[in-house]
Novice: 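I have a structure I would like to understand better, so I am pasting it below and will then ask my questions one at a time.
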Amino acid sequence: MKVTAVYPGTFDPITNGHLDIIGRGVGLFDEIIVALLKNADKEPLFSLDERLEIVASVVKRFQKVRVESFDGLLIDYARSRGARAIVRGLRALSDFEYEFQMALMNRRLGPDLETVFMMPSETYSYVSSRLVKEVVGLGGDVTGLVPQEVLDRLKARYASARKR
Ligand code: PNS
């Protein structure tokens with residue numbers, strides 16, 4: 001039986017930590033759907049269309065991975081795709097409480113779906129989309145922590161913001 005996993009998130013922007021998790025998931029699941037939340041409360045730096053385009057481009061090398069957006073409950077979306085698992089990355093203890101609550105709420109809403117936590121390589125254990133944006137916004141270098149395409153787009157976005 002084909003096992004599909006959904007890897008949900010905001011991905012604003014996708015980092016090498018996220019890609020590390022996707023790479024690990026590819027070894028476990030028959031298909032991974034990277035699912036971008038449509039109406040995140042957070043004001044994203046990149047629009048949904050931009051994030052979809054970026055993610056699609058950087059996961060091209062993985063045959064079993066595709067990208068979609070969703071709104072509403074993650075559980076409903078995952079079910080609509082016939083998924084059996086929800087993948088989330090865990091970097092540090094500080095991630096745990098939020099992830100634990102979400103996983104248990106999702107289990108209550110959809111006992112048929114299992115949340116699978118994966119740890120990225122320690123190389124990326126401190127990398128977050130938020131920090132990456134902050135560092136580039138202040139003129140710092142995040143080479144190696146995000147795909148080159150993301151790096152280029154981040155630099156361009158903040159350069160145009162500075163001109164304004
Ligand atoms: O990358 P993020 O911002 O940590 O991802 C959070 C996300 C998208 C996984 C979470 O906000 C989510 O699943 N939202 C969909 C709405 C939902 O199902 N909420 C109940 C979760 S218990």
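Both ligands and their constituent atoms are indexed starting at 1 by order of listing.
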Novice: For atom CZ of Arg84, decide whether the heavy atoms of other residues, nucleotides or ligands shown that lie under 6.0 angstrom number more than 12.
Specialist: no

Novice: Less than 4.0 Å between a side-chain N and a carboxylate O, is that true for Arg81 and Glu31?
Specialist: no

Novice: Under a 4.0 Å heavy-atom cut-off, what residues line ligand 1?
Specialist: Pro8, Gly9, Thr10, Leu37, Lys42, Phe70, Gly72, Leu73, Leu74, Arg88, Tyr98, Met102, Met105, Asn106

Novice: Who passes side chain to side chain contact (heavy atoms under 4.5 Å, CB included) against Arg107, sequence neighbours left out?
Specialist: Leu104, Glu114

Novice: With a cut-off of 6.0 Å (strictly less than), are more than 12 heavy atoms of other residues, nucleotides or ligands near CE of Met118?
Specialist: yes

Novice: Asp141 and Thr143: side-chain donor and acceptor closer than 3.5 Å?
Specialist: yes

Novice: Starting from Val146, can I reach Leu52 by hopping between I/L/V/M/F/W/Y residues whose side chains sit under 4.5 Å apart?
Specialist: yes

